[in-house]
Protein chains: 2
Amino acid sequence: MQTVVSDCPIEDVMRVLSGRWPALLLYYLKEGTRRFSDLQRDNPTLSHRILSLELRKLEQAGLVARTAFPGYPLRVEYDLTPAGAQLVPLIDGLADWWEASASLRARHATTAEV
Amino acid sequence: MQTVVSDCPIEDVMRVLSGRWPALLLYYLKEGTRRFSDLQRDNPTLSHRILSLELRKLEQAGLVARTAFPGYPLRVEYDLTPAGAQLVPLIDGLADWWEASASLRARHATTAEV
DNA sequence: AGTAAATTACGGACATTTTTGTAACCAGGA
DNA sequence: TCCTGGTTACAAAAATGTCCGTAATTTACT
C-alpha cells in the first residue's frame with residue numbers, strides 16, 4: 001500500500017486507516033487524553049511495538065498529537081488533533097452504517113445464498 | 001486481521017475496507033454496472049487474481065452483487081448492492097474530510113514541525 | 001550507604017504470519 | 001487461436017509479533 005494508483009484522495013485516507021488498529025485507536029483517543037500505557041492496557045493483543053508504530057503513523061498523518069513530559073518514569077500523552085477529532089464522527093458513521101445495513105448485507109451476501 | 005479484538009462494529013467495517021482496492025472498486029462500481037474486464041482495465045496495477053479475491057470479499061460482505069451470464073465468451077457483471085450503495089456516500093465523506101483537513105493535518109503532522 | 005529492582009516509553013534485530021503479486025492453466029465457443 | 005473469468009501453485013513483499021536493551025529516576029532491601 002505504498003504506491004499511488006489513482007488520484008482519488010480516498011487512497012490516501014485508506015493508507016492511513018487501513019489495518020486493524022487505526023480506527024480503534026482513534027476510538028480510544030476520542031474519549032480523551034491517553035498515555036502509551038493506557039492504550040496498551042486498552043487493547044492487550046496489540047504489542048507495544050505495533051502500538052508505537054501505529055501512533056507514529058497517525059502522528060505523521062496529523063491525526064494524533066504526541067506530548068512528552070520530562071521526568072522520572074517517562075510520561076507521554078496522546079490526543080486527537082483537530083483533524084483527528086473531525087474524522088471520528090465519520091468513522092462512527094461507518095460503524096452505524098454497518099449495523100444498520102446488517103440485514104441488507106445478509107440478504108445479498110454470498111454465504112447467505114441458498 | 002482475522003481475529004476480533006474489540007466488540008466495536010468498526011472492526012468489521014475495517015476488515016472489509018482495509019487495503020488499497022476495496023474503496024477504489026466501490027468507486028468504480030458506483031458509476032454503474034461493470035464487468036470483470038472493465039475493472040481490470042480501470043486499474044491496470046491490480047492483478048486479475050487480486051481483483052477476483054477482492055470482488056469475492058466484497059460479495060461475501062454483501063456490498064457487491066455478482067451476476068454471471070451463460071454463453072460463449074464468459075460474461076460476469078458486478079454491481080453495488082443496496083448496502084454497498086449506502087456506503088459510497090460515507091466513503092465520499094472520508095475523501096472530502098481528507099481534502100478539507102489538509103492544512104489542519106499539515107499543521108500538526110510530525111514532519112511539519114520545525 | 002550500596003545495590004537491586006521496578007517503572008515508562010520506546011528502539012532494534014529477528015521470526016512469523018498475512019497479504020499481494022506472478023505465471024501458468026482451464027473451459028467452451030467464435 | 002483468441003477471448004473471458006476464473007483457479008491453482010508458487011514467490012515476494014508487507015504487516016505484525018517476540019525478545020531484549022536503554023534512559024533516568026524512585027522505591028525496596030540489607
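Being a predicted model, the structure only gives us computed values, none of them experimental. Here is how names work: the chains are called A, B, and so on, in the same order as the sequence lines, proteins then strands, and each is numbered from 1. Note that these values count all heavy atoms, side chains included, but never hydrogens, waters or copies made by symmetry.
- Remark: B/Ala83 engages A/Ser101, A/Leu104, A/Arg105, B/Leu63, B/Thr81 in a side chain to side chain contact (heavy atoms under 4.5 Å, CB included) (not counting sequence neighbours).
- B/Pro89 meets the side chain to side chain contact (heavy atoms under 4.5 Å, CB included) test with no other residue; sequence neighbours excluded.
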All N/O contacts under 3.5 Å from nucleotides 4-8 of chain D to the protein, with atom names and distances to one decimal?
{"residue": "D/dT4", "atom": "O3'", "partner": "B/Arg35", "partner atom": "NH2", "Å": "3.2"}
{"residue": "D/dT4", "atom": "O3'", "partner": "B/Leu74", "partner atom": "O", "Å": "3.0"}
{"residue": "D/dG5", "atom": "OP1", "partner": "B/Arg35", "partner atom": "NE", "Å": "3.2"}
{"residue": "D/dG5", "atom": "OP1", "partner": "B/Arg35", "partner atom": "NH2", "Å": "3.2"}
{"residue": "D/dG5", "atom": "OP1", "partner": "B/Val76", "partner atom": "N", "Å": "3.3"}
{"residue": "D/dG5", "atom": "OP2", "partner": "B/Ser37", "partner atom": "N", "Å": "3.0"}
{"residue": "D/dG5", "atom": "OP2", "partner": "B/Ser37", "partner atom": "OG", "Å": "3.0"}
{"residue": "D/dG6", "atom": "OP1", "partner": "B/Arg66", "partner atom": "NH1", "Å": "2.2"}
{"residue": "D/dG6", "atom": "OP2", "partner": "B/Arg66", "partner atom": "NH1", "Å": "3.2"}
{"residue": "D/dG6", "atom": "OP2", "partner": "B/Tyr78", "partner atom": "OH", "Å": "2.5"}
{"residue": "D/dG6", "atom": "O6", "partner": "B/His48", "partner atom": "NE2", "Å": "3.1"}
{"residue": "D/dT7", "atom": "OP2", "partner": "B/Ser52", "partner atom": "OG", "Å": "3.1"}
{"residue": "D/dT7", "atom": "O4", "partner": "B/His48", "partner atom": "NE2", "Å": "3.0"}

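- Scanning for side chain to side chain contact (heavy atoms under 4.5 Å, CB included) contacts around B/Ala68 gives B/Arg66, B/Val76, with sequence neighbours left out.
- Each end of the helix from C/dA1-D/dT30 to C/dA30-D/dT1 yields a helix axis from five base pairs, and these two axes differ in direction by 30° (to the nearest 10 degrees).
- One can place CZ of B/Arg20 at 11 Å from C1' of D/dA14, the figure rounded to the nearest angstrom.
- One atom, CE of B/Met14, and another, P of D/dT16, lie 11 Å apart when rounded to the nearest Å.
- The distance from atom CZ of B/Arg15 to atom P of D/dT16 is 13 Å, rounded to the nearest whole Å.
- Put simply, the side chain of B/Thr33 never gets that close to the backbone of B/Asp79: no donor and acceptor are under 3.5 Å apart.
- For B/Arg34, the salt bridge (charged side-chain N to carboxylate O under 4.0 Å, His left out) partners are B/Asp42, not counting sequence neighbours.
- Legend: residues meeting salt bridge (charged side-chain N to carboxylate O under 4.0 Å, His left out) with A/Asp96, ordered by chain and number and at least two apart, are absent.
- As rounded to whole Å, 7 Å separates atom P of D/dA15 from atom NZ of A/Lys57.
- Remark: P of C/dC10 and CG of A/Leu51 are 8 Å apart, rounded to the nearest angstrom.
- Among residues two or more places apart in sequence or in another chain, the salt bridge (charged side-chain N to carboxylate O under 4.0 Å, His left out) test is passed with A/Asp38 by A/Arg41.
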Contacts table for residues 48-56 of chain A: side-chain donor-acceptor under 3.5 angstrom, sequence neighbours left out:
{"residue": "A/Ser52", "atom": "OG", "partner": "A/Arg56", "partner atom": "NH2", "Å": "3.4"}

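- The CD atom of A/Glu54 sits 16 Å away from the C1' atom of C/dG11 (whole-angstrom rounding).
- The CG atom of B/Asn43 sits 11 Å away from the P atom of C/dG21 (whole-angstrom rounding).
- One atom, CZ of A/Phe69, and another, C1' of C/dT7, lie 17 Å apart when rounded to the nearest Å.
- Annotation: side chain of B/Asp92 is in contact with side chain of B/Tyr27 (closest heavy-atom distance under 4.5 Å).
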